[in-house]
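Okay, so here's the structure we're looking at.
Order of the sequence lines sets the chain letters (A, B, ...), proteins ahead of strands, with each chain counted from 1.
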Amino acid sequence: MAIVDLSEVRKSYVKGREEVEVLTGIDLAVEEADFLALMGPSGSGKTTLLNIIGGIDSATSGSVQVSGQDLAAMSRRQLAKWRSENIGFVFQFYNLLPVLSARRNVELPLLLTKLSGKQRRSNADTALEIVGLEDRARHKPGELSGGQQQRVAIARAIVADAPILVCDEPTGDLDRDTADEILELLEILNRDHGKTIVMVTHDPKAASHARHVVHLDKGQLSTGTDEEAA
Amino acid sequence: MSGMGLMWANLFRRKTRTFLTLFSLLVAFLLFVLLRAVAEPFAGGGVSVDGADRLVVTSKYSIIDLLPLSQLGEIQRVPGVEGVTHQTWFGGNYQDPANFFPKYPVEPRAYFDMYPEFAIDPAQLDAFENTRTGIVVEEGLLARFGWNIGDRIPIQGDIWSLKDGSRLWQFDLVGTYRHRDPGEAAPVALLMHYDYFDEARSFEEGAVGWYTVRVSDPEQAPAIAGAIDALFKNSPNPTKTSTEAEFARSFAAQIGDIALMATGILSAVFFTILLLTANTMSQSLRERIPELAVLKTVGFSDARTSLLVVGESVLLCLIGALLGVGLGASVLPAASVVTQQFMGPVSMSVDIFVQSVAFAVVLGLVVGALPALTAQRLRIVDALRRG
Ligand SMILES: Nc1ncnc2c1ncn2[C@@H]1O[C@H](COP(=O)(O)OP(=O)(O)OP(=O)(O)O)[C@@H](O)[C@H]1O
Ligand SMILES: [Mg+2]
């Protein structure tokens, strides 16, 4: 079974008297250790779909199975715990806590585990090493470049060993070269660490780093361009 | 890092704001400690109702006016009077005005007969009676000043000078007294021999401060008081006689007013602090909505997220309280020097400490409640969209 398995997923918002359907019956299967790019015009519902996969938003109807769990059947508390074990999030604007050092930001998800303080710190350092930022562990986000901050965010996403990474335009705020470095890092995590990655992007060059690309438009996925990625 | 570390880091995200809030908390708790310390000695009745059978005879016009010793015999003869003795205010300092404690010239044996609740070793009482320059003191003074029985104690007079014009009085410490009930403290004082005092002083010979009278039947006390005052009504030294219990009652009533006032001040101060701290917390929360959403995204439950917020507010109030209590504890000894002269020493107690901490926790919970609820209800996707 696919690690992400959506069928007939609908999502609608009620605005005033109007009901706007953003996702109109999505079927999507992502295999374990795949790297999927999700493209589409602004407002097409990419973020909405990604949030549903990551368990921070819920579908209006349809079935959402991720890591073998039926997310619709879980309480908020169960979902929170499930996210901490299964999903790593990477956002366009990094979303680090400005008051914490890089290491402490990375350590954050580990506060929910039973690890000792020492183990937490050493795991955080390992994650920082993987993203190549071990020498910036004590810096606060404000003292890091955009690319470095995104690396810290990626370290935070992988520190608890989540099998799935969901990335919402992770390079949207970065210049070309820095973007390429981040994308190469994601490729390594996919290839060498077996992470399943679902990445939203506007940028065809970014999408070319993925194994598969799907397009979202008018609430529907078109999978015709399946193998266009390198 | 721990959850505590996270709260700590968040607390100081806006240093100036946090320090200003801490400062106002500090002031509030300092005030709390000082007012509590002042009110505490009087809490729970405070003034003893010992001696319902004792009357105090002072000058009608002013408690400072002296009375002639010749009145003693006349009071003694009033029917119902069982015993009379007298005391006088000596003033004076031992080494330093800060070492204040009352000093009274008394009639040694008559004094301890009048106050059977004070215990003194019979041999020491004999020595007191037979040593003209002898004094006895409340036993706590020995430790306070490192005195020993047999020491010569110099007292610098302020009201009273000696016949040779000097003001340096020399006394010999012959004994101590304490309360007969080990659970109670006797009033701190130095008692000297009236005969020696009267002979040595340079003026006002034969005058005393006030009389203390014991009556055989406390029921008759008001009538006897009237009889005593009637006796001297038309003399050059009219008197005012009241029961010790009356004295205590009017004293307690005044203290009640003080306690009420202190409570009023504290309520106003803490209400202001409540608003101020609540404002700090809600500002800090508003800035942080997207960050709280991130915490929830990585797996912090709603309950845990709101605990972090309320914990931060309790932490803030506790730090402010501890700073205020610490400062209070360090200024109280100095304040005590002043208050001792008119109401006894004030000091920091375990009770005040516990009350302060409890108060800080409650304040933190109240202030943190609304932000915590907001944090608890926060929906991740909405919050991320806003950020
Ligand atoms: N809470 C909400 N209430 C109402 N409408 C919403 C809400 N959230 C999203 N939408 C609407 O859903 C649609 C999809 O939004 P979404 O953020 O998923 O798009 P997107 O593809 O990620 O766009 P972009 O590329 O600009 O990030 C938009 O039209 C948006 O206005
Ligand atoms: Mg989006």
Side-chain angles (χ1 to χ4, degrees), chain A residues 11 13 47-48 50-52 54-58 75-113 115-118 120-121 124 140-142 153 156-160 162 166 168, chain B residues 1-19 21 280-281 283-309 311-313 315-316 372-387:
Chain A
K11 177 73 178 180
Y13 292 105
T47 296
T48 305
L50 199 68
N51 288 347
I52 289 172
I56 56 176
D57 203 353
S58 55
S75 70
R76 276 168 71 99
R77 176 183 282 273
Q78 289 170 322
L79 267 176
K81 181 162 168 38
W82 174 84
R83 281 197 302 273
S84 73
E85 291 163 353
N86 291 279
I87 309 283
F89 289 86
V90 181
F91 302 99
Q92 178 176 358
F93 297 108
Y94 332 125
N95 281 355
L96 301 173
L97 302 203
V99 292
L100 301 182
S101 67
R103 178 194 279 138
R104 287 175 149 207
N105 263 289
V106 174
E107 218 184 305
L108 213 52
L110 300 180
L111 290 184
L112 303 167
T113 66
L115 295 179
S116 72
K118 208 174 146 190
R120 290 199 301 259
R121 219 168 314 127
K140 296 239 174 100
R156 180 178 68 190
I158 61 174
V159 73
V166 299
D168 197 350
Chain B
M1 184 184 62
S2 57
M4 187 68 175
L6 183 55
M7 287 189 264
W8 185 265
N10 272 322
L11 204 53
F12 290 96
R13 67 174 41 233
R14 291 258 190 282
K15 290 200 176 57
T16 317
R17 183 175 65 200
T18 302
F19 283 127
T21 310
T280 302
M281 284 309 296
Q283 263 185 27
S284 137
L285 181 85
R286 246 175 286 135
E287 288 164 9
R288 209 145 34 109
I289 294 287
E291 291 174 37
L292 292 173
V294 168
L295 288 180
K296 288 194 174 185
T297 302
V298 303
F300 281 64
S301 66
D302 296 343
R304 206 181 178 106
T305 313
S306 68
L307 264 180
L308 274 176
V309 171
E312 200 182 311
S313 140
L315 189 64
L316 179 71
L373 192 67
T374 312
Q376 147 108 31
R377 290 190 173 160
L378 193 72
R379 313 238 330 143
I380 299 172
V381 280
D382 298 340
L384 286 179
R385 231 170 252 284
R386 258 193 276 168

With B:Arg304 via salt bridge (Lys or Arg N to Asp or Glu O under 4.0 Å) - residues at least two apart: none
Pick one of side chain, backbone, both or neither for B:Ala303, based on which atoms fall under 4.5 Å of a heavy atom in chain A. side chain
Please flag which part of A:Arg103 lies under 4.5 Å from any non-hydrogen atom of chain B: side chain, backbone, both or neither. neither
With a 4.5 Å cut-off on heavy-atom pairs, point out which of B:Gly3, B:Ser301, B:Ser2, B:Gly5 contacts chain A the most. B:Ser2
Given a strict heavy-atom distance threshold of 4.5 Å, which part of A:Arg104 is in contact with chain B: side chain, backbone, both, or neither? both
Backbone N/O of B:Gly299 and side chain of A:Lys81: donor-acceptor pair under 3.5 Å: no
Salt bridge B:Arg14-B:Glu287, side-chain N to carboxylate O under 4.0 Å: yes
For A:Asn51, is it the side chain, the backbone, both or neither that has a heavy atom under 4.5 Å from a heavy atom of chain B? side chain
Checking A:Val99 against B:Leu11 for the side chain to side chain contact (heavy atoms under 4.5 Å, CB included) test, could you report, in this order, the C-alpha distance in whole Å, the side-chain angles of both residues, the deciding distance, and whether it holds? CA-CA 9 Å; A:Val99 292; B:Leu11 204 53; over 6 Å; no
Applying a strict 4.5 Å limit to non-hydrogen atoms, the region of A:Leu100 in contact with chain B is side chain
Say whether, by atom type as modelled, one donor and one acceptor occur between the side chain of A:Asn86 and the main chain of A:Trp82 under 3.5 angstrom. yes
What pairs meet the side-chain hydrogen bond (donor to acceptor under 3.5 Å, both in side chains) rule with one or both residues in residues 288-300 of chain B, with sequence neighbours excluded? B:Arg13-B:Glu291, B:Ser284-B:Arg288, B:Arg288-B:Glu312, B:Lys296-B:Asp302
Max heavy-atom pair count under 4.5 Å with chain B, selected residue of A:Ser101, A:Pro98, A:Gly55: A:Pro98
Does any backbone or side-chain atom of B:Phe12 lie under 4.5 Å from a heavy atom of chain A? Answer side chain, backbone, both or neither. neither
